[in-house]
Amino acid sequence: MSNKHARLIEQIFQERPGANIHWREIESLLRHLGVEVANVHGAAFHVVLNGVEGVLHRPHHGGACSRQEVRHVREFLAAAGVTPSLYGSR
């Protein structure tokens, strides 16, 4: 895993994630982790990783994710077994 992706995982898992995480960075991370993605409707899409399913939403305006959107990504990744300790920067 690249240092860029490892740092992004650490940012996502912070207690209060930053508001400057861009969706394109999260998309890149999801692809790198092997997440299966299927469009559902509009900004929503169905994701599957390690047998865990979820629905995530792209930001509606601009490229930066809200803290709530980052929390949804964090909840999905945690349920799928992705943690900073497994993928931390080296």
Side-chain angles (χ1 to χ4, degrees):
M1 172 170 286
S2 72
N3 284 333
K4 179 180 171 183
H5 286 138
R7 282 192 308 272
L8 180 57
I9 288 175
E10 289 174 1
Q11 287 178 316
I12 290 170
F13 277 87
Q14 288 178 356
E15 186 174 329
R16 185 172 162 98
N20 61 347
I21 298 174
H22 289 269
W23 180 251
R24 60 183 155 68
E25 296 171 318
I26 290 177
E27 267 188 318
S28 174
L29 173 65
L30 295 176
R31 280 194 304 272
H32 178 78
L33 293 172
V35 173
E36 298 174 33
V37 178
N39 287 332
V40 176
H41 178 65
F45 58 99
H46 182 258
V47 290
V48 179
L49 178 63
N50 298 333
V52 176
E53 298 183 32
V55 175
L56 299 176
H57 298 270
R58 291 180 183 94
H60 291 285
H61 303 288
C65 296
S66 69
R67 286 190 172 101
Q68 188 63 32
E69 289 164 332
V70 175
R71 284 186 197 108
H72 286 257
V73 172
R74 175 176 58 207
E75 290 167 3
F76 168 71
L77 292 176
V82 175
T83 64
S85 61
L86 288 176
Y87 297 97
S89 30
R90 298 186 187 351

Stepwise side-chain contact (heavy atoms from CB on, under 4.5 Å) test for Leu56 and Leu30: CA-CA 11 Å; Leu56 299 176; Leu30 295 176; 4.1 Å; yes
Contacts of His46 that satisfy side chain to side chain donor-acceptor pair (under 3.5 Å) - sequence neighbours left out: Glu53
Results of side chain to side chain donor-acceptor pair (under 3.5 Å) for Glu25 - residues two or more places apart only: none
From CD (Glu36) to CG (Leu49), nearest 0.5 Å: 8.5 Å
Within-4.5 Å side-chain heavy-atom neighbours: Leu77 and Leu33: yes
Minimum side-chain heavy-atom gap Val82-Phe76 below 4.5 Å: no
Distance, nearest 0.5 Å, that separates CD of Gln11 from CG of Leu29: 10.5 Å
Heavy-atom side-chain contact between His5 and Ser28 under 4.5 Å: yes
Joint hydrophobic cluster, Val40 plus Val73, side-chain heavy atoms closer than 4.5 Å: no
Atom pair CD (Gln14) and CZ (Arg71), whose distance is rounded to the nearest 0.5 Å: 11.5 Å
Separation of Arg67 CZ from Arg16 CZ (nearest 0.5 Å): 4.0 Å
Spatial distance of atom CD (Glu15) from atom CZ (Arg74) [nearest 0.5 Å]: 8.5 Å
Side chain to side chain contact (heavy atoms under 4.5 Å, CB included) partners of Arg58, counting only residues at least two apart: Trp23, Glu27, Asn39, Ala43, Phe45
Flag side-chain contact, heavy atom, 4.5 Å: Cys65 against His22: no
Shortest non-hydrogen separation from Ala64 to Glu69 and the atoms involved: O-OE1, 4.3 Å
4.5 Å side-chain heavy-atom contact, Ile12 and Pro17: no
Any side-chain heavy-atom pair of Val55 and Val47 under 4.5 Å: no
